[in-house]
A.B. asks: 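Please find one structure pasted underneath; my questions will follow.
Keep in mind it's a predicted model, so treat the numbers as computed, not measured. Labels below follow one simple rule: chain letters A, B, ... track the order of the sequence lines, proteins then strands, and each chain is numbered from 1.
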2 protein chains.
Amino acid sequence: MPQKTAVPKADMREALMSEARAAVQAHGYNALSFRELAKAVGIKSASVHYHFPTKGDLGAALAHRYTQEGAAVLEDLLAQSRDARWCMDRYIEIFRAALVNDNRMCLCGIMGAEYDDLPPGVRTEIDAFAQVNIGWLERVLALTKSKRDKTALKEQAVAIYAAIEGAQLIARSRGDIAAYDQAVRAYRATRLIP
Amino acid sequence: MPQKTAVPKADMREALMSEARAAVQAHGYNALSFRELAKAVGIKSASVHYHFPTKGDLGAALAHRYTQEGAAVLEDLLAQSRDARWCMDRYIEIFRAALVNDNRMCLCGIMGAEYDDLPPGVRTEIDAFAQVNIGWLERVLALTKSKRDKTALKEQAVAIYAAIEGAQLIARSRGDIAAYDQAVRAYRATRLIP
DNA sequence: ACCTGAACACCGTTCAAGT
DNA sequence: ACCTGAACACCGTTCAAGT
């Protein structure tokens, strides 16, 4: 896929990140190619290194921005409502949307599968994403009436994050969004998710 | 890592599959290299193509065997006991063992993350693995006293498979087996898993 | 400040050639 | 039947060179 329209000079870094993000969510970090990326935005692969010295730098920048944006979205949800059920509905929708959008996965979920191959800088950012999600889930769970000790709450937050990432993973690998919906229904039937 | 001991000629195909399986569980399908694989067993990369014409053929062979072996193990569990709790304990242990063993992932879980890049033959085998697991989980859930309609049972089976794969994924990507254990405890506390 | 071509050591794959 | 070296088009990275 060559570039559709010339990329304005000043936005080259942005254009690279945007293309790269879509590519990683679709095919993973390993499959990301500087040469294809360059072709997509209309420069040479050597020039990509001017903006991102190594592939690891690009991966870390992607994961960092993804985490920042995700945190902002989640923060906004809690600002809009203190209803746990409503917040979880939105959370579930967000992860579902990635599947709908070209069978993509959460950037950090798919990179997590490649964890052992990732440069340290990328790993750090992936960890941060998990922390943001689990922390937010804890706060949402705390809105629930049911009294629970802090440890159980934390465990449930970890479990929900794992369960949602897992549902996304298996739905994607079967090319079947219905699998995501089925898993989520069962999560809610058992009240793992409020 | 060069070969430790010379590989007997007749077992070359086996040696390749064994090395490749460990490599994929650790680093994924994309990161699997015919050249490194060849070095590990003491032949040239061109020779690997004699045993497996393409990388896709190797991947499909790996996933096929993995599914067959997994199915046999699960079958054996149900033959040993009709207690759902005991069967699920073993199931949870199996997926945990991969993490303990060099932070590896389920072969089909990690390949699922790379699904869009996989040759069709590999995809088919990954689907088969999911089917085997979900089918087995349905049978185990059916052992439970609680009366449930078939649809709910199937959904719960899908959910457990997704939840376990997800717990493995996030534990691996945080390099922390405790995350797996935490998620599983919450799955059981909510009775998602018997 | 931003881009380039050429080189390097990697990759999967093919193929004619060896035993 | 099983292996090989050489070639091909790919990959990330480096660097001297251009504007």
A.B. asks: Show, in sequence, the C-alpha distance, side-chain angles and deciding distance for B:Ile110 and B:Arg172, and conclude whether the side chain to side chain contact (heavy atoms under 4.5 Å, CB included) test is met.
C.D. replies: CA-CA 11 Å; B:Ile110 195 169; B:Arg172 172 184 155 90; 3.8 Å; yes
A.B. asks: Please enumerate all residues that pass salt bridge (charged side-chain N to carboxylate O under 4.0 Å, His left out) together with A:Asp76, with sequence neighbours excluded.
C.D. replies: none
A.B. asks: Spell out protein contact along nucleotides 9-16 of chain D as letters: B when the base is contacted, S when just the sugar-phosphate is, - when no protein heavy atom is under 4.0 Å; keep the 5' to 3' order.
C.D. replies: --BBBB--
A.B. asks: Is the shortest side-chain N/O distance from A:His51 to OP1 or OP2 of C:dA1 below 4.0 Å?
C.D. replies: no
A.B. asks: Roughly how far apart, to the nearest Å, are D:dA17 and C:dC2 at atom P?
C.D. replies: 22 Å
A.B. asks: So, using salt bridge (charged side-chain N to carboxylate O under 4.0 Å, His left out) as the criterion, who are the partners of B:Arg139 when residues are at least two apart?
C.D. replies: B:Glu75
A.B. asks: Assess, by modelled atom type and distance only, whether the side chains of B:Asp127 and B:Thr124 contain a donor and an acceptor separated by less than 3.5 Å.
C.D. replies: no
A.B. asks: Looking at C:dC2, I'd like to know if its phosphate oxygens (OP1 or OP2) sit under 4.0 Å from a side-chain N or O belonging to A:Ser47.
C.D. replies: no
A.B. asks: Using Watson-Crick and G-U wobble pairs with both distances under 3.5 Å, what is the 5'-to-3' dot-bracket string of DNA chain C, with [ ] for crossing pairs and | for pairs outside the strand?
C.D. replies: ||.|||||...|||||.||
A.B. asks: Could you list the residues that satisfy ring-ring contact (aromatic ring centres under 6.0 Å, His included) with B:His49, not counting sequence neighbours?
C.D. replies: B:Phe34
A.B. asks: Using whole Å, what does the distance between atom C1' of nucleotide C:dC2 and atom CE of A:Met12 come to?
C.D. replies: 9 Å
A.B. asks: Taking CZ from B:Arg13 and C1' from D:dC3, how many angstroms apart are they, rounded to a whole number?
C.D. replies: 17 Å
A.B. asks: Look at B:Arg96 together with B:Asp181 and state whether they make a salt bridge at an N to O cut-off of under 4.0 Å.
C.D. replies: yes
A.B. asks: Give the intermediate values and the outcome of side chain to side chain donor-acceptor pair (under 3.5 Å) for residues A:Gln156 and A:Arg191.
C.D. replies: CA-CA 10 Å; A:Gln156 191 176 354; A:Arg191 279 190 260 272; over 6 Å; no
A.B. asks: Check whether any side-chain N or O of A:Tyr50 sits under 4.0 Å from OP1 or OP2 of C:dC3, and answer yes or no.
C.D. replies: no
A.B. asks: Quick one: which residue pairs count as a salt bridge (charged side-chain N to carboxylate O under 4.0 Å, His left out) with a foot in residues 83-93 of chain B, not counting sequence neighbours?
C.D. replies: B:Arg85-B:Asp89, B:Asp89-B:Arg188, B:Arg90-B:Glu93
